[in-house]
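What you are looking at is a predicted structure, and each value in this text was computed from that prediction instead of being measured. Numbers here simply count residues along the sequence, with the first being 1.
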Amino acid sequence: MGIFAALPLLHTLIWLFLSGSIWCQKAAVVNIGAVFTFNSVIGRAAKPGMQAAIADINADSNILSGTKVKLLMEDSNCSDFLGSVGALHVLEKEIVAIIGPQSSVVAHVISELVNGLQIPQVSYGATDPTLSTLQLPFFLRTTLSDSYQMAAMADLIDYYGWKEVIVIFLDDDYGRNGISSLGDELQKKMCRISHGFGLPSLANLAKITEILNQSKLLGPRVYVVHVGPDPQLRIFTIAHKLGMLSSNYVWFATDWLATTLDSFSPTDLASLDILNGVVGLRPHTQESKGKKDLLNRLSKMQPKGLANSVLNVYGLYAYDSVWVVARAVDKFLKENGNITFSSTGKVFGTSKSGIQLGRLKVFNGGSDLLRIIMQTNYSGLSGRIQFGEDRNIINGSYDVINIDQKEIRTVGYWFNYSGFSISPPEALTLKQKDSPLDQKLDIVVWPGGNSKIPNGWVIADAGKPLRIAYPRRESFVEFVTQVNNTNVVQGYVIDIFKAALKLIPYEVPYKFVPFGDGQVNPSYDELVQSVADNVFDAAIGDIAIVTNRTKVVDFSQPYITTGLIIVAPVKDSKSSAWVFLKPFTAEMWCVTGFSFVIIGIVIWMLEHRINDHFRGPPKRQIITMCLFSFSTLFKANQEATISPLSRMVMLVWLFLLLVITSSYTASLTSILTIQKLWSPIRGIDDLVASNLPIGYQVGSFAYDYLTQSLFIPRSRLVKLYNPDDYEKALRLGPKGGGVAAIIDELPYLELFLSKTKEFGMIGQTFTRSGWGFAFQRRSRLAVDMSTAILRLSENGKLQEIHDTWFCKLGCPGQRGGEAQPDQLHLISFWGLYLLCGIISSAALFMFLLRIIGQYIRYQRQHRRSEVVTPTPIPSNTGCTQTIQSFMRFIDEKDEAIKNFFRAAHLRGAQSGEQLQRHSGGTKEKADLEVQLGTSSMNSG
């Protein structure tokens, strides 16, 4: 019973073994698949490279411990379908990895299969950047992604200063995605792909001829060719026949050209004659002993028929790819010990076409093997092999090659971290690799044999010149006009346009086309729209750069700055006989004169009692008082002050005079030497606030600005049609039916003022804009013309042209009238005047306090002594008599008062009877009265 019970279990185990749901591959052999086109430029180099790698691995006892590696190859025969079928064939044979394919299109198909089977795919030739997506986790490559190559190509284009290129590419995943990456890189450099031409295949010679002829009609002359390796060089052969490899053209080729040329035998190098001047990229591989040994081995294998082509860089990539897989399998076997596969089950099933997809097997250790491959970090024959998170080689570098006289020259190197250098990447230090270098390449010989950098752009040819429109104006024809009965166009704008064309590094055939009938000024909005509608290629003239116009065309750099400004009659400020009064305002003159009088009075009061110079007859004192303060202007005052209070007042007063006189001198000098013209109109604010009539040019945007932005009544605005109307209206003035001022754009008024000296500009422009040349959208000429205008501005030519047309009677900007002469106002000096007034008032207050104290003391002494001796000063307490007494007291010399107090002090110190004190006091007072009387007689 026990035996029969075990039979079902045994039956199940036998069924599982026979059905092959689980297979165990023998450790003695490991299968690796390879799908590629045997008879191709890349395939002829890859096949012997992989065979040599297999031979080296199997001969090396240090790897795989005796386990042999078997390479199963399938030929895709340059067919996407056959490549897919070949991939299915090798996938059925229990492979642990697949090498290839070389085609990006086939790689997309196979990647979907290996994802389901979990088999790592290592490509040595598929460069499409979109293969490095998260949806294809089992795809890796030892070659460089086109994302590196297109970054190098964009840097190369930007290095030589070109902004637009034409691209020719294969219209498949490889071509489209590569060019898309190039477009992204160019955009980072402010460059762009102007036109792109896709080719269905290189075998369609008629299509190649057609697109090359089409491209000849375009402006850019810089070409980028991104196709597959082509030993017949069909694109360049046809371009050579069409004369497109001359000095007017620039040709760049991606690495397909270097791969093709490296595969040529010495006898094939004669075809390089048509490639003279072409610049290309080649993946950089470091020279090494292993690389030389491999080349020698392949050269020895060639007679045996195992290698039928010269080895190119893809042979090295194929060789390294096999080694990458072998190293990973060796580590995988050491970690896992065995390789197993399982049935796909429902992963694929059976297709409707009858293909038995169920025979495909899932590699159970695929994820582990992928992880080990991603950890690869060693130096192969092609360089350092280390994968990033996107499963691409981390560091990418290229040789920049130039074909010159049937010889391939390396003119520099490109490294993805540091850009261009004339030293190879392996010669750079670690610091140099991590930081940008001084971008430098050797001299390149361009098509036509010239080492001068081509322009890279042709704006037009002689058979189809540019249509340059210009406005035919009724007024201000000095800007641009057609000479009567001729085809000659001249004017200020024409001179600038022609001067700028001389600075553009290529010929620009053109013809002038008038816009308008010359009877009325044309609409500039319609002129600009005609350029946008391709009626004209460009428009020049007095075209203002405004917002609505910039939406439809591209403008050049403004060649003149403009804006609205005021013009009015001006007068010479130096013609008046009273010009010396202009530095100060009337208020300033009044305050200054009043200050002289006040200072004279204060100094007289402070010095009168102690300084003999300030005493004497009333007439003399008045003259002294008046002349003293005025004489301080000239430092001629002979009366020295004695009182400390007077000296304090004089110190502040002299400082005030120093500031005032210096400011007056500076202002008067400015009026007499700098300021020449002035106008009663101060500026736009005063003009708007007044009721004066204002003139404007018919058709100018000034009318809308004045009415809609400044809200000036329309009744105040007067229409003017031409410069004659301007002059007549300004001469008549507001009272004669004319205008007080004209508001117009700066260039028009400069031209008007260049013919008359009676008028001038008031203030600065109160709006800002500019005039420029209008071009069609994305026109290269707009950029180059802007650069030329800037150069004209820097070298002074722009100003020279301006002065030629607008400074016939002196530049109008130098005759601009000021709103009024620059005058000094009281508000600028009120602080000094206030300080001087405070000091003077304080000194006078202290003086009065001292006098009042002396007077009170004197009155007390007088009352004590009036019993014995009659007083000469009335003792009546009436207000009038008291004031008169006080004034007489002030008029006395300070020394007499001091003597009186000194005598009174001596009397108070005497001892004795009151009679004796009274008698002594009367005697002293009598002596004082005699002395005072004598003093009064002397002063009289």
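- We find the CD1-CG distance between Ile443 and Asp404 to be 11.0 Å, quoted to the nearest 0.5 Å.
- A donor-acceptor pair under 3.5 Å is absent between the side-chain atoms of Trp414 and the main chain of Gln149, judged by distance alone.
- Not one N or O on the side chain of Asp158 forms a donor-acceptor pair closer than 3.5 Å with the backbone of Ala154.
- Between Tyr223 and Tyr249, the ring-plane angle classifies as tilted under the 30° and 60° cut-offs.
- Under the 6.0 Å cut-off for aromatic ring centres, Tyr398 and Tyr413 do not qualify, their centroids lying 6.0 Å or more apart.
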- Message: Assess the residue pair Asn534 and Arg467 against the criterion (side chain to side chain contact (heavy atoms under 4.5 Å, CB included)); give the C-alpha distance rounded to whole Å, side-chain angles, the decisive distance to 0.1 Å, and a yes or no.
- Response: CA-CA 10 Å; Asn534 198 30; Arg467 299 157 298 174; 3.3 Å; yes
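- Arg549 places a side-chain N or O within 3.5 Å of a backbone atom of Ala544 that can act as its donor or acceptor partner.
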- Item | Test log, rule side chain to side chain contact (heavy atoms under 4.5 Å, CB included), inputs Asn392 and Ser145 | CA-CA 7 Å; Asn392 289 320; Ser145 170; 4.1 Å; yes
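- Ring centers of Tyr748 and Phe479: under 6.0 Å apart, within the cut-off.
- Distance check: Ile393 CD1 to Leu140 CG gives 9.0 Å after rounding to the nearest 0.5 Å.
- Using cut-offs of 30° and 60° for the angle between ring planes, the His195 and Phe197 rings count as parallel.
- Residues Phe536 and Tyr470 place their aromatic rings such that the two centres sit no closer than 6.0 Å.
- A centroid separation of less than 6.0 Å is found between the aromatic rings of Tyr160 and Trp446.
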